[in-house]
Amino acid sequence: RKRPKLQKLLAEIRSGRLQVDAILVDTYERFGRDEQFKALRRTLYQKYGVLLMTADSSFADPNSVSGQALALVESLRSTEENRIKAHNVLRGKRDAVRQGKWPGGSPPLGYKLESVLQEVNGRQEVAYSKLIPDPLTAWIIVLLFAKALESGWGATRLAKFLNTHADIPENIKPFDQTCVGLWLKCRTYIGEYTWERSNTGIVDDRRVSQATAPEERTVMPNFCEPLVARDVFNAVQQMRLARALKKQRKAKAETTDTTKVVLPITQGVALNYVLSGLVRCGECGRAMTANSSGAYITAAGEERRYCGYICPGYISGSCTNGRRVPEEWLRKIVVDLLLGHVLFPGDDTQS
């Protein structure tokens, strides 16, 4: 899914724009994982008459007896080789964390990487990198936690606070509420680093991420110099937990219906607003969120709420699109369009 050229090739084969007899790849592992390779090879051949062949099997016909035998052997070899490579990479990163070395990736805001050199064959080479405070941005994290502790605000209001702060350089802005929320729970800021907080796998042809069991994680308490005092960090976590529990209780109270027999597994705005997640900001591309006003009484004596979709980036100050789209109006337009296409397909005058 992260290889646009391959996806474009497959899309053009499916649409018939390309008349292809065979796709040639070097080896199994260069194309993809074994389970992906076998499923795609079968689909391409059965539906589109396209053979998927590898150079390491001398481009043997995968439908012949010899081709199937070679494919089976190569499949077992590549699967085991990928497993060993993945194990060695993870082991190397885990060992690096235990030694106080940065395992890779971009450092969190407030830190930068310092290269540690070693002499190899008479010349200096980078042996590894370690986290050190970045004087240009470390104070922003200190400011963030101090403001969170002082005000009790959530990530959205804190992001807006940072975006409007005069002393923060414009090249660092804008700050997104999602990133602010991640920073507020990042234990690296108290000098502690956890490796393998989550792991990934393939479920129904999709890569999914799930939390790693606590006993399988590698935790280094003195991994780097802390930016935030531990008591401040713990106090902020308690405040955020209290806010989350209060929000959950409020949502549960608002959605409780004693007349309903079958209750939803989880509560969420998608249960009330059918277009949640589908409405996108035309400026920044974020999914616009449904924002409801408090209940009010109309002149006719009816209780109503005004609800509209708004860009969350505008609320946090990271997007300038402040337009609020009425939920009821947009839902009616979408439903009318869908009904028009269902009841009068191909008739543009009805939609």
Side-chain angles (χ1 to χ4, degrees), residues 1-64 66-93 102-108 113 126 129 174 176 178-179 182 196-210 277-288 311-313 318-319 321:
R1 294 179 181 275
K2 295 182 179 180
R3 299 162 69 181
K5 296 295 184 180
L6 175 60
Q7 295 301 325
K8 181 180 178 182
L9 170 65
L10 297 178
E12 292 186 343
I13 291 175
R14 295 187 187 104
S15 65
R17 293 183 59 189
L18 281 181
Q19 298 299 320
V20 178
D21 291 318
I23 298 176
L24 310 181
V25 296
D26 186 26
T27 62
Y28 268 88
E29 57 266 25
R30 295 306 300 164
F31 178 80
R33 292 174 180 80
D34 180 47
E35 64 272 12
Q36 296 172 329
F37 190 93
K38 289 189 294 187
L40 184 57
R41 167 182 275 182
R42 183 172 57 253
T43 300
L44 287 174
Y45 176 70
Q46 293 178 350
K47 289 189 175 182
Y48 308 103
V50 179
L51 295 177
L52 192 55
M53 301 186 292
T54 62
D56 58 353
S57 63
S58 300
F59 301 115
D61 185 350
N63 298 309
S64 65
S66 59
Q68 291 178 5
L70 286 172
L72 177 61
V73 173
E74 185 59 24
S75 173
L76 294 173
R77 184 201 62 78
S78 62
T79 299
E80 181 63 13
E81 184 176 349
N82 285 334
R83 187 193 65 80
I84 294 174
K85 286 181 179 178
H87 172 77
N88 290 338
V89 169
L90 290 177
R91 183 186 62 186
K93 289 181 177 292
W102 183 244
S106 301
L113 295 177
V126 176
S129 298
D176 184 82
T178 302
C179 289
L182 292 174
E196 287 184 299
R197 288 188 295 267
S198 61
N199 58 82
T200 60
I202 302 296
V203 177
D204 294 333
D205 294 332
R206 290 181 180 272
R207 179 169 292 278
V208 297
S209 177
Q210 56 188 1
L278 301 177
V279 186
R280 294 281 173 172
C281 173
E283 188 165 319
C284 68
R286 290 184 177 89
M288 301 178 75
C311 177
S318 57
C319 180
N321 181 17

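What's counted below: heavy atoms across the whole structure, side chains too, no hydrogens, waters or symmetry copies.
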Non-hydrogen atoms of Asn321 and Cys311 that approach each other most closely: O-CB, 4.0 Å
All side-chain contact (heavy atoms from CB on, under 4.5 Å) counterparts of Ala55, not counting sequence neighbours: Asp26, Phe59
Side chains of Ile23 and Leu9 in contact at under 4.5 Å (non-hydrogen atoms): yes
For residues 278-288, dump all side-chain donor-acceptor pairs below 3.5 Å to protein atoms at least two apart in sequence or in another chain.
{"unit_1": "Arg280", "atom_1": "NH1", "unit_2": "Gly285", "atom_2": "O", "d": "3.2"}
{"unit_1": "Glu283", "atom_1": "OE1", "unit_2": "Thr320", "atom_2": "OG1", "d": "3.2"}
{"unit_1": "Glu283", "atom_1": "OE2", "unit_2": "Thr320", "atom_2": "OG1", "d": "2.2"}
{"unit_1": "Arg286", "atom_1": "NE", "unit_2": "Asp176", "atom_2": "OD1", "d": "3.0"}
{"unit_1": "Arg286", "atom_1": "NH2", "unit_2": "Asp176", "atom_2": "OD1", "d": "2.8"}
{"unit_1": "Arg286", "atom_1": "NH2", "unit_2": "Ser318", "atom_2": "OG", "d": "3.2"}

Partners meeting side-chain contact (heavy atoms from CB on, under 4.5 Å) with Val89 (sequence neighbours left out): Lys93
Least distance between heavy atoms, Pro107 atom then Trp102 atom: CA-CZ2, 3.9 Å
With sequence neighbours excluded, residues passing side-chain contact (heavy atoms from CB on, under 4.5 Å) with Asn88: Ile84, Arg91
Spacing of OH belonging to Tyr48 relative to CG belonging to Leu18, to within rounding of 0.5 Å: 13.0 Å
Contacts of type salt bridge (Lys or Arg N to Asp or Glu O under 4.0 Å), residue Arg17, not counting sequence neighbours: Glu12
